[in-house]
Amino acid sequence: MDFMIRFDKALAAWGAPDFRDVLKQEIAQLGAGHLPLQQGLATGNYVSDAPLTVLIHSIAETENMIRVKAGIFYQGVIGGCSCTDDPTPSSDINEYCEVQLDIDRATAITAVALVTD
């Protein structure tokens, strides 16, 4: 499943020294609901609302697109069974996944997909 979003600020910063920082900030501000983080969970049951940390691994450009591979550090949650006598509280677990962002150079519309290799 691909997620479609816009990275207007990052596209405006393309070619500038602060492009990576602008893109990382835009990704982090999206929050978990706009990225395929649920599909990237390795241990948790669902993604928490904790802030994201973004690493940019690679950037490549074509005539029409900027392709970025980024790593996302986030929190997953393992919830108890919600029984009254369940001693297991919800607990946050560190999670990591990689995503590919294809930013259209004309519109800033960006396809985001989980990298599974």
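Across all non-hydrogen atoms, the minimal contact from Ala32 to Ser48 is CB-O, 4.2 Å. Residue Asp104 comes nearest to Leu11 through the heavy atom pair O-CD2, 3.8 Å, listed as atom of the first residue, atom of the second, then distance. Shortest non-hydrogen contact noted between Cys97 and Leu37 is SG-CD2, 3.6 Å. Residue Leu23 comes nearest to Ala10 through the heavy atom pair CD1-CB, 3.8 Å, listed as atom of the first residue, atom of the second, then distance. The nearest pair of heavy atoms linking Ala108 to Asp8 is CB-OD1, 3.3 Å.
At least one side-chain heavy atom of Pro36 sits less than 4.5 Å from a side-chain heavy atom of Val112. Between Phe19 and Ile56, every side-chain heavy-atom pair lies at or beyond the 4.5 Å cut-off. Side-chain contact between Asn45 and Val77 is absent, with no heavy atoms from C-beta onward closer than 4.5 Å. Inter-residue side-chain proximity for Ile72 and Ile27 is flagged as met; some heavy-atom pair is nearer than 4.5 Å. With contacts defined as side-chain heavy-atom distances shorter than 4.5 Å, the pair Ile93/Ile78 qualifies.
Follow the hydrophobic side-chain contacts under 4.5 Å out from Phe7 and you reach Leu52 in the same cluster. No single ILVMFWY cluster, assembled from side-chain heavy atoms under 4.5 Å apart, contains both Val22 and Leu101. The hydrophobic cluster containing Ile59 does not contain Met65, counting ILVMFWY residues as joined when their side-chain heavy atoms lie under 4.5 angstrom apart, directly or transitively.
The main-chain N or O of Thr107 is found under 3.5 Å from a side-chain atom of Arg6 such that the two form a donor-acceptor pair.
To the nearest 0.5 Å, the span separating OG1 on Thr110 from CD on Glu26 amounts to 8.0 Å.
Put simply, the residue from Leu41, Thr53, Asn94 that forms a side chain to side chain contact (heavy atoms under 4.5 Å, CB included) with Tyr74 is Leu41.
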inquiry  = The test is side chain to side chain contact (heavy atoms under 4.5 Å, CB included); show your working for Glu95 and Phe73 and say whether it passes.
reply    = CA-CA 6 Å; Glu95 296 276 357; Phe73 290 96; over 6 Å; no
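The aromatic rings of Tyr96 and His57 sit perpendicular, their planes meeting at an angle over 60°, well past the 30° parallel limit.
Among pairs with a residue in residues 41-70, those fulfilling salt bridge (charged side-chain N to carboxylate O under 4.0 Å, His left out) read Glu61-Arg105, Arg67-Asp102, Lys69-Glu98, at least two apart in sequence or across chains.
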